[in-house]
Amino acid sequence: MADDTRKRYLELSDEIRRHNKLYALAKPEITDTQYDKLYKELEAIEAEHPDWVTPDSPTQTVWGDRSDVFAPVEHRVPMMSLANTYNEDEVREWIGRISKHEENLFGRMEYTCEPKIDGVGLSVHYRDGVMTLAATRGDGRTGENITANARTIKNIRHELLDGPWMEGWIEVRGEVYMALSDFRKENQRREDEGLQPFANPRNATAGSLKMLDSAEVAKRPLKFWAYTLITHDGPLANNLDLRLHSERLFLMEEMGLPMVDWMMAHDADEVHDYWSKLQADRDTMDYEVDGVVVKVNDLRLREELGTTAKAPRWAMAYKFKARREVTTLLAIKHSVGRTGAVTPYAELEPVTIGGATIRNATLHNEDEIQRLGVAPGLRVVLERAGDVIPKVIGLAPDEEQTGEYTPPSNCPSCGSELVQPPGEVIRRCVNISCPAQKRGRLIHFGSRNAMDIDGLGEKTIDLLLDRDLVNDPGDLYALSEEAWSKLPGFKEKSVSNMRQALDASKQRTLDRLIFGLGIRMVGEGAARTLAKRYQTLDALIAAAPNVEELETVDDVGSKMAASIEEFFSLERNLTVINKLREAGVSFGTLPASASGTEHEAFAGKTFVLTGTLVESGLSRRDAQTKIESLGGKVTSSVSKNTDVVVAGEAAGSKLDKANKLGVAVWTEADFLNMLADAGVAG
Ligand code: IVH
């Protein structure tokens with residue numbers, strides 16, 4: 001009998017391990033329910049025979065990716081940042097300090113020099129040679145599970161090439177990035193589709209990795225390269241000969257992973273040479289490199305050097321100088337935003353910096369222009385630092401030049417006279433029917449952080465305005481399919497997409513609607529606070545005439561209160577609001593964190609969750625949502641600012657730290673009781 005059970009137990013373990021692997025390779029042979037059944041059976045046997053449980057039992061190894069998208073992932077080894085410098089002397093000093101340490105086995109110091117690519121860090125776990133988990137860096141301790149998205153990156157292997165790593169657990173770290181050529185294509189596509197282009201390849205990468213639909217991520221041209229190998233368990237972890245970073249870089253190459261193009265240096269001169277060469281090559285490379293990462297090669301010496309709170313002492317990012325060029329400022333032009341604010345920008349004699357042709361640059365405001373002393377016709381210095389939006393940083397040196405800039409007195413869009421309240425830097429157009437403002441308001445309403453109307457980009461809005469089809473956001477919903485289908489480029493499919501996007505936007509949460517209305521001074525944060533306080537748009541409208549009442553809302557000062565009061569007192573704004581109401585736009589959908597009633601045990605308090613909530617089976621994410629719905633906040637590490645640590649089963653170092661700092665600790669039972677008390681089911 002026991003023999004049969006034993007046999008079944010071993011069979012089950014193998015079977016589950018096999019399904020884990022198939023699942024990780026996205027080739028599952030059974031459904032999740034069938035899998036859960038096998039797993040429960042295994043757990044039941046283990047409960048009867050605890051002495052059978054070995055560390056390699058499927059119940060003891062986390063395969064990681066059966067959890068939620070974006071669920072928190074604790075890094076076993078923190079993902080630290082790097083100390084950085086632009087200064088050669090600092091690099092020499094740092095190397096000088098390190099070379100005082102005992103020399104390594106080979107009688108001399110070794111430093112690996114790697115390009116510092118400007119992308120997004122990623123940790124990828126492999127178990128028995130199969131990719132099981134990918135996580136973002138997050139705050140360095142806890143990242144987010146983005147396995148499904150990372151799987152779509154074409155040069156990340158799902159299964160490693162054969163080698164001793166086909167057994168055990170390793171973690172590969174590297175950078176996800178977008179090549180410059182791909183980035184340009186991607187932005188062109190976005191502009192064609194009427195979407196907001198990304199500011200730089202890094203933002204494009206970060207945005208892509210955080211998308212909820214991995215089928216969409218798959219369309220983004222993301223790439224990866226590896227620069228760190230961590231061995232957690234198995235033959236590689238037990239190999240005491242693996243003492244150099246460079247050996248690990250070679251191993252990753254053998255695994256079939258895309259590798260950084262690195263070089264070995266032995267002293268500060270060699271490091272500096274590599275840096276100079278790479279800096280000179282920078283403009284010919286198809287990705288954004290912002291410096292060199294110099295790392296001590298010997299892992300034992302790394303341990304001796306240790307780390308500071310944020311960064312290891314054994315590595316340094318030696319950054320490149322910002323890219324600058326001199327060109328002629330042809331004209332100072334002005335754009336008019338949705339609130340009528342007039343902003344100057346530079347029109348430049350085209351110049352290439354780092355492979356990109358620059359024609360325009362921001363000038364911020366009149367004070368900035370005075371400070372820089374720039375004027376049309378003068379030679380100016382342009383800087384492109386890391387990202388793609390360049391700025392004018394001053395006049396070209398060694399050229400005697402003067403000129404004059406006269407700020408505009410009339411709106412460049414509608415010609416009406418501009419006003420500049422005393423003491424303010426910004427001039428404004430106060431003509432409410434100014435075409436530029438109208439355009440700005442429509443763009444803002446549909447933008448990603450407001451009503452998020454997919455496909456309603458600047459190009460589409462210009463088409464609508466040119467044909468006089470809309471005046472304000474309220475008109476968008478009333479447009480007939482026929483009207484849409486008459487726009488150039490709008491075929492059946494795009495008309496129906498537009499319809500769907502508009503319909504979907506009717507259910508946006510109240511904070512987005514308030515933000516989207518474009519009330520001066522009301523940003524996203526204030527919109528959230530107002531939504532939470534008033535719960536419906538009508539309640540806000542009813543409260544608006546009373547400025548004192550508005551000022552009692554957190555974060556609403558007297559200026560913002562006056563602006564809200566003014567906005568809702570204007571007939572034309574109420575007309576827009578009525579059009580939205582008639583179209584069926586929801587005036588009272590609340591974000592999860594605003595709909596719950598706050599509870600004193602949770603409101604305003606900072607929580608840390610640790611261990612597993614066994615009794616309730618709540619995932620960390622669900623527990624977090626519940627705490628937030630009651631007005632609390634969840635962070636990942638325990639400090640003296642933590643109010644409560646909720647300790648589930650097998651809570652570890654966080655619980656110790658809470659006890660040391662005297663932070664309140666709740667057991668799972670305490671937590672469930674508190675939730676019940678607040679009227680929330682566990
Ligand atoms: S090593 C403690 N190597 O730069 C070691 N990082 O500023 C830190 N990065 O978060 C990571 N290229 O995302 C390392 N060759 C390279 C890198 C690199 C880019 C990024 C990485 C890291 C950030 C730190």
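Both ligands and their constituent atoms are indexed starting at 1 by order of listing. The shown structure was predicted, so the numbers you read here are calculated from the model rather than taken from an experiment.
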| query | Which of these, Glu175, Met80, Met79, Glu114, has its nearest heavy atom closest to atom 8 (C) of ligand 1? | reply |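 Checking each option, the heavy atom nearest atom 8 (C) of ligand 1 is found in Met80.
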For [atom], grab the closest protein heavy atom and report residue, atom and distance to one decimal in Å.
atom	answer
atom 1 (S) of ligand 1	Lys295 NZ, 3.4 Å
atom 14 (C) of ligand 1	Tyr227 CE1, 3.3 Å
atom 5 (C) of ligand 1	Leu82 CD2, 3.8 Å
atom 10 (O) of ligand 1	Arg137 CD, 3.9 Å
atom 4 (O) of ligand 1	Lys116 NZ, 3.1 Å

As an exercise, identify every atom of ligand 1 less than 4.0 angstrom from a heavy atom of [X].
X	value
Gly121	13 (O)
Pro312	2 (C)
Ile117	12 (N), 19 (C)
Pro115	12 (N), 15 (N)

| field | Expected output: side-chain Tyr126 to main-chain Arg157 donor-acceptor under 3.5 Å | value |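 Yes; judged by distance alone, with no hydrogens or angles, the pair exists.
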| message | If we ignore hydrogens and angles and just use 3.5 Å, is the side chain of Asn145 paired with the main-chain N or O of Val73 as donor and acceptor? | response |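 The answer is no, because no donor-acceptor pair under 3.5 Å joins these two groups.
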| request: Locate the shortest heavy-atom distance separating Thr307 from Met80; write the atom from each residue and the value. | output: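 Nearest heavy atoms, Thr307 then Met80: CG2-CE, 3.1 Å.
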| query | Can you check whether Trp262 and Tyr227 have ring centres sitting under 6.0 Å from each other? | reply |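 Between Tyr227 and Trp262, which both carry aromatic rings, the centre distance is not below 6.0 Å.
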| 4.0 Å heavy-atom contact, Val260 with ligand 1 |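 Val260: no contact with ligand 1 (<4.0 Å).
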| task | Could you please spell out the steps behind the side-chain hydrogen bond (donor to acceptor under 3.5 Å, both in side chains) verdict for Asp286 and Ser181? | result | CA-CA 7 Å; Asp286 194 24; Ser181 51; 2.7 Å; yes
| With the threshold set at 4.0 Å, does a side-chain nitrogen-carboxylate oxygen contact exist between Arg243 and Glu247? |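 Result for this pair is no, no salt bridge flagged.
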| Between His364 and Tyr345, do the side chains contain an N or O donor and an N or O acceptor separated by less than 3.5 Å? |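 No, Tyr345 and His364 have no side-chain donor paired with an acceptor closer than 3.5 Å.
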| message | Any donor-acceptor pair under 3.5 Å linking the side-chain atoms of Thr606 with those of Asn641? | response |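 Result is no, nothing qualifies.
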